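What follows is one structure encoded as structure tokens, with my remarks underneath.
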Amino acid sequence: MSSKNWIKIGLCAIVAASAHPAAADVIVGPRVAYYFDNSNLRTSDGSDQALIARRGDEAFLQNLRDVFQTDDLTFDTTFEGEGVTANQIGFAMVGGMINFGDDRDRFTLSAGYGEGSGTIDLLSSTTSTLTVGDTSITDIATQILAGAVDYERIDLEATWQRRQNEQFAIFAGVRFERIEADAEINIRSAQTGNIPSEILTQEMGMFVPPESGVLEFATTNEAELTTFSARAGATMFAPFAENAVAFANGMLHASYQPAYTARIITRPLSIAADEVNSDFENPDEISFGPDIAVGAQFILSDSLALDMRYRAVLFFPVSGDQSFSDARVNHGFNLGLSFRL
């Protein structure tokens, strides 16, 4: 299901929830936000490595066995190091919310949709080793990746809040987030030619000297990531003017990102060869972290209010490919109007 269909479902749920305002005090309103996400800067999962080199599949290995006439053969690629330059992804988001309940318990449903983009430049080195029996042949390669990534994002959130007094409330909620990524990345690889030299020598029955070479590829990369979160915390309120209230939210969340498949289409540019379609499986991820917000609400009239806030959510992985120290950070500003029905 596309992101636009998901956001339609969320907005329909908001409309349906507001269909019976007589049962409770109901507030509705539009929301706009601009959020930043550091996913483009995270490299500890090795996702960029899938773009840099195609590991030997079974057909490739069988061809080598045929050439060298032995099954005692392995082919391995090791990533030696990398440096990356990228920018955070900025999402301009629009949506809406409905808040209903009484003076003690209130429920909020919200939905948002946004698009964003980012760029990435990466320099990496790899070592490939072909081992035949007791003999090993090694090639060293340097790769440069450069490209842009486009994103679509939807957020759906439901929250319950119980007011303890005029200055304090507790709350809990659930959140659903989906990000669709579409990247166009070019790869330039310069490498020594020891392994191709050995393969050609075996095929031709005469020594073929190594030749260094440069290969260029264009890749298209597509993936869909979803995140489910449960969170709980508290809010503090502090009036600072006749019609203005400051607030601060502090929550802890537990989040789950199911396993997903990234599709990569590789098109050779420097040689005559067919494009290659590859699917890379990414494991599921469990993460924990803080979810904090600070802001203020300004009462403009009995039925209209303006609120603004800054929100930051940190996802520290405890399972999956990413390291715990390589947290995903989502933060930004939110502005909204509230109409009391």
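Note that this is a predicted model, so its numbers are computed, not measured. Reckoned from all heavy atoms, side chains included, excluding hydrogens, waters and symmetry mates.
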Could you pull out the closest heavy-atom pair between Asp326 and Gln322, with the gap in Å? OD2-OE1, 3.3 Å
What residues join Met204 in its hydrophobic cluster, counting side-chain heavy atom gaps under 4.5 Å, either direct or through other members? Leu200, Met206, Val208
Beyond-backbone contact of Val67 with Glu198, side-chain heavy atoms, under 4.5 angstrom: no
Quick one, Phe91 and Ile89 - any side-chain contact, counting heavy atoms below 4.5 Å? yes
Can you tell me if Ser197 uses its side chain to pair, donor with acceptor, with the backbone of Gly193 under 3.5 Å? no
Establish, from distance only, whether the side-chain atoms of Thr261 and Asp279 form a donor-acceptor pair under 3.5 Å. no
Could you walk me through whether Asn277 and Glu275 pass the side chain to side chain contact (heavy atoms under 4.5 Å, CB included) check? CA-CA 7 Å; Asn277 296 334; Glu275 70 176 28; 3.9 Å; yes
Whether the Glu281 and Tyr260 side chains hold a donor-acceptor pair (N or O, under 3.5 Å, no angle test) is what I'd like checked. no
First locate atom OG of Ser125, then atom CD1 of Ile140, and finally report the distance between them rounded to the nearest 0.5 Å. 8.5 Å
Between Arg263 and Glu222, does any NZ, NE, NH1 or NH2 come within less than 4.0 Å of an OD or OE carboxylate oxygen? no
Shared ILVMFWY cluster between Tyr151 and Tyr34, side chains joined below 4.5 angstrom? no
Please determine whether a side-chain nitrogen of the Lys or Arg among Arg163 and Asp103 lies less than 4.0 Å from a carboxylate oxygen of the Asp or Glu. no
So, the side chain of Asp121 versus the backbone of Thr119: is there a donor-acceptor pair under 3.5 Å, distance only? no
For residues Gln62 and Asp66, is any side-chain donor paired with an opposing acceptor at under 3.5 Å? yes
Are the side chain of Asn221 and the backbone N or O of Val149 linked by a donor-acceptor pair below 3.5 Å? no
Closest approach of Leu225 and Gln257, non-hydrogen atoms and distance? CD2-OE1, 3.7 Å
Tightest non-hydrogen contact, residues Ser189 and Ala141, listed as OG-CB, 4.1 Å
Applying a strict under-4.5 Å side-chain criterion to I, L, V, M, F, W and Y, I'd like to know whether Ile286 and Val329 cluster together. yes
Residues passing the side chain to side chain contact (heavy atoms under 4.5 Å, CB included) test with Ala244, sequence neighbours excluded, are Phe240, Ala241, Phe298
Going by heavy atoms in the side chains, are Ile98 and Phe107 under 4.5 Å from each other? no
Heavy-atom nearest pair, Glu152 first then Tyr113, reads OE1-OH, 3.2 Å
Kindly say whether Asn194 contributes a backbone atom to a donor-acceptor pair with the side chain of Thr192 at under 3.5 angstrom? no
When you compare the side chain of Arg178 with that of Glu224, does any pair of heavy atoms fall below 4.5 Å? yes
Looking at side-chain heavy atoms only, is the closest gap between Asp139 and Gln191 below 4.5 Å? no
So, Glu184 versus Thr220: side-chain donor-acceptor pair below 3.5 Å or not? yes
Between the side chains of Thr126 and Gln143, is a donor N or O closer than 3.5 angstrom to an acceptor N or O? yes
Distance-minimising heavy-atom pair for Pro283 and Asp321: CD-OD2, 3.3 Å
Examine distances only and state if a side-chain atom of Asp150 and a backbone atom of Ser117 form a donor-acceptor pair shorter than 3.5 Å. no
Decide yes or no on side chain to side chain contact (heavy atoms under 4.5 Å, CB included) for Val28 and Met97, but give the supporting numbers first. CA-CA 6 Å; Val28 298; Met97 73 89 191; 5.7 Å; no
Under the side chain to side chain contact (heavy atoms under 4.5 Å, CB included) criterion, do Leu73 and Leu130 qualify, and how do the steps go? CA-CA 7 Å; Leu73 179 149; Leu130 172 64; 4.0 Å; yes
Distance in Å, Ile195 CD1 paired with Ser136 OG, rounded so as to fall on 0.5 Å steps: 9.5 Å
Would you kindly confirm whether Val294 and Val313 end up in one hydrophobic cluster when ILVMFWY residues are joined by side chain heavy atoms under 4.5 Å apart? no
One should read off an interatomic distance between Glu180 CD and Arg153 CZ, to the nearest 0.5 angstrom, of 13.0 Å
So, do Phe168 and Phe237 sit near enough that their side-chain heavy atoms are less than 4.5 Å apart? no
Is there a donor in the side chain of Asp76 and an acceptor in the side chain of Thr129, or the other way round, less than 3.5 Å apart? no
Donor-acceptor contact present, side-chain Arg188 to main-chain Ile144, <3.5 Å: no
Could you tell me whether Asn165 atom CG has more than 12 heavy atoms of other residues or ligands within 6.0 Å of it? yes
Do Ile179 and Val174 land in one hydrophobic cluster if side-chain heavy atoms of ILVMFWY residues count as linked below 4.5 Å? no
For Phe316 together with Phe324, are the ring centres under 6.0 Å from each other? yes
Contacts table for residues 333-341: side-chain donor-acceptor under 3.5 angstrom, sequence neighbours left out:
{"unit_1": "Arg340", "atom_1": "NH1", "unit_2": "Asp25", "atom_2": "OD1", "d": "3.0"}
{"unit_1": "Arg340", "atom_1": "NH1", "unit_2": "Asp25", "atom_2": "OD2", "d": "2.3"}

Within a strict 4.5 Å, meaning less than it, do heavy atoms of the Asp284 and Tyr256 side chains meet? yes
Assess, by modelled atom type and distance only, whether the side chains of Thr78 and Thr127 contain a donor and an acceptor separated by less than 3.5 Å. no
Cluster partners of Ile299, using ILVMFWY side-chain heavy atoms under 4.5 angstrom, listed by chain and number? none
Considering only residues two or more places apart or on different chains, which pairs with a residue in residues 290-317 satisfy salt bridge (Lys or Arg N to Asp or Glu O under 4.0 Å)? Arg31-Asp307, Glu157-Arg311, Arg231-Asp291, Asp291-Arg311, Asp307-Arg309
Can you confirm whether Glu211 is buried at CD, in the sense that more than 12 heavy atoms of other residues, nucleotides or ligands lie under 6.0 Å from that atom? no
Using only heavy-atom distances, determine whether the side chains of His331 and Tyr35 contain a donor-acceptor pair under 3.5 Å. no
Taking every heavy atom of Thr266 against every heavy atom of Phe217, the minimum-distance pair comes out as CG2-CD2, 3.7 Å
Taking the side chain as C-beta and beyond, is there a heavy-atom pair between Ile187 and Thr219 under 4.5 Å? yes
Among residues at least two apart in sequence or on other chains, which ones pass side chain to side chain contact (heavy atoms under 4.5 Å, CB included) with Ser287? His253, Ser255, Glu285, Phe315
Output for pair (Ser128 OG, Ile137 CD1), nearest 0.5 Å, gives 12.0 Å
Using 0.5 Å steps for rounding, measure from the CD atom of Glu177 to the OG1 atom of Thr227. 5.0 Å
Give the intermediate values and the outcome of side chain to side chain contact (heavy atoms under 4.5 Å, CB included) for residues Val318 and Phe288. CA-CA 8 Å; Val318 295; Phe288 297 89; 3.7 Å; yes
For the atom pair OG1 (Thr135) and CZ (Phe68), what is the distance rounded to the nearest 0.5 Å? 9.5 Å
With ring centroids as reference points, do Phe75 and Phe60 lie under 6.0 angstrom apart? yes
Do the side chains of Leu61 and Val132 join up, straight or via other hydrophobic residues, at under 4.5 Å, putting them in one cluster? yes
